[in-house]
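All remarks here apply to the structure that follows.
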Amino acid sequence: MNALAVLAIGAMAQVFFSARVLVQWILSERAHKVLSPSLFWVLSLAGAYLLCIYGWLRHDFAIVMGQFVSYYVYLWNLKQKGVWGRLPLALRLVLLFTPPVVLLLVVNNASAFVHEFFFNTDVPLWLLLFGAFGQLLFTFRFVYQYAYSRRRQVSALPAGFWIISLAGSVSICVYGLLRHDLVLIVGQSFGIVAYARNLWIGRGAKI
């Protein structure tokens, strides 16, 4: 696949991610409190699917790993919102089994995977580790959100989610600058503003 097509996939993923932030932000501003709308999770899932493809085509393990960690958290939130059960069965099966299928492909071709992702001359090991740290930190916000929401049996976006979002977003933005990756830089720059604003809207809320 040519570079322009790969960039288009990455750009579309960031459009979904930016749209989810914008939707959540606007609805929260109107309600004068931090909300967790269903559309936020739908757009999250669409963005994750595309960004995982983008990372795979770029041979960027940090991006792929980050999307895999949060993927099923998105599905859980969609279930809590009552959206998951309304999706066509065929689509639910595709969404459920895409990650396991990708993992099987990786296992069946482990040596090529290790070479392409960990010994990629375009991404030095130290930069890969830095990018992986940023993605892990950024993705941990959804692990935190899942644990917080599961205890309360309701899909919520607590203050801790936005604090972790800010820290992870800054790290990924730096990684994007080092990799000259415009997709990551633009996507994260917009998010930083929204995360800070959500913290302000929800000031005083539980972490």
Side-chain angles (χ1 to χ4, degrees), residues 1-25 40 42-71 73-74 98-99 102-103 105-106 109-145 161-199:
M1 187 175 291
N2 64 52
L4 187 59
V6 173
L7 181 61
I9 292 172
M12 184 56 66
Q14 290 298 348
V15 166
F16 280 119
F17 284 141
S18 296
R20 75 173 176 184
V21 173
L22 187 61
V23 166
Q24 188 277 333
W25 186 1
F40 176 88
V42 172
L43 294 170
S44 294
L45 186 61
Y49 209 97
L50 288 175
L51 196 60
C52 190
I53 294 172
Y54 171 76
W56 186 273
L57 294 173
R58 289 259 299 174
H59 298 154
D60 194 319
F61 176 72
I63 293 176
V64 174
M65 178 189 62
Q67 298 315 305
F68 267 39
V69 172
S70 58
Y71 188 87
V73 175
Y74 299 153
T98 294
V102 172
L103 287 176
L105 291 173
V106 169
N109 198 15
S111 59
F113 174 82
V114 170
H115 177 76
E116 289 178 354
F117 284 89
F118 292 100
F119 297 97
N120 184 355
T121 56
D122 294 331
V123 189
L125 183 58
W126 70 268
L127 184 54
L128 173 65
L129 293 176
F130 178 77
F133 169 77
Q135 286 288 351
L136 276 175
L137 180 61
F138 195 58
T139 304
F140 178 72
R141 64 192 181 140
F142 286 108
V143 176
Y144 176 87
Q145 185 273 338
F161 174 86
W162 302 111
I163 292 171
I164 299 170
S165 295
L166 267 175
S169 189
V170 170
S171 296
I172 294 173
C173 207
V174 173
Y175 175 72
L177 286 168
L178 292 172
R179 279 219 68 191
H180 305 103
D181 192 322
L182 188 61
V183 168
L184 293 180
I185 296 168
V186 173
Q188 295 303 323
S189 297
F190 172 71
I192 288 172
V193 177
Y195 306 148
R197 179 57 185 166
N198 271 283
L199 271 175

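Because the structure is a prediction, the values reported are computed rather than measured.
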*asked:* Between Y49 and Y71, does the side chain to side chain contact (heavy atoms under 4.5 Å, CB included) criterion hold? Intermediate values first, please.
replied: CA-CA 8 Å; Y49 209 97; Y71 188 87; 3.8 Å; yes
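- Listed by chain and number, the residues in a side-chain contact (heavy atoms from CB on, under 4.5 Å) with S171 are F133, L137 (sequence neighbours excluded).
- Taking both residues in full, the closest heavy atoms of L127 and Y175 are given as O-CE1, 3.3 Å, listed atom of the first, atom of the second, then distance.
- Within the 4.5 Å cutoff, no side-chain heavy atoms of F190 are placed close to those of F17.
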*Carefully, step by step, assess V193 and W25 under the rule side chain to side chain contact (heavy atoms under 4.5 Å, CB included).*
CA-CA 10 Å; V193 177; W25 186 1; 3.8 Å; yes
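- How far CG of L177 is from CD of Q188: 11.0 Å, rounded to the nearest 0.5 Å.
- Between the CD1 atom of I163 and the CG atom of N198 there is a distance of 12.0 Å, given to the nearest 0.5 Å.
- Across A13 and L50, no two heavy atoms sit closer than the pair CB-CB, 3.7 Å.
- Taking every heavy atom of both residues into account, L166 and I192 meet most closely at CD2-O, 3.6 Å.
- Side chain of R141 to backbone of F138: a donor-acceptor contact under 3.5 angstrom is found.
- For the atom pair L136 CG and S70 OG, the distance stands at 11.0 Å (nearest 0.5 Å).
- A heavy-atom distance below 4.5 Å is not found between the side chains of Q14 and V186.
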*Give the intermediate values and the outcome of side chain to side chain contact (heavy atoms under 4.5 Å, CB included) for residues F40 and V23.*
CA-CA 7 Å; F40 176 88; V23 166; 5.8 Å; no
_Before you tell me yes or no, could you show the steps for L178 and W126 under side chain to side chain contact (heavy atoms under 4.5 Å, CB included), namely the whole-Å CA-CA distance, both residues' side-chain angles and the distance that decides it to 0.1 Å?_
CA-CA 11 Å; L178 292 172; W126 70 268; 4.1 Å; yes
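- Counting heavy atoms from C-beta on, the side chains of F130 and V174 come closer than 4.5 Å.
- In this structure, C173 and I185 approach most closely via the heavy-atom pair SG-O, 4.1 Å.
- From M12, atom CE reaches atom CG of L7 across 11.0 Å, with rounding to the nearest 0.5 Å.
- Ring-centre distance between F142 and F161: below the 6.0 Å cut-off.
- Closest non-hydrogen pair, R20 versus Y74, comes out as NH1-OH, 3.4 Å.
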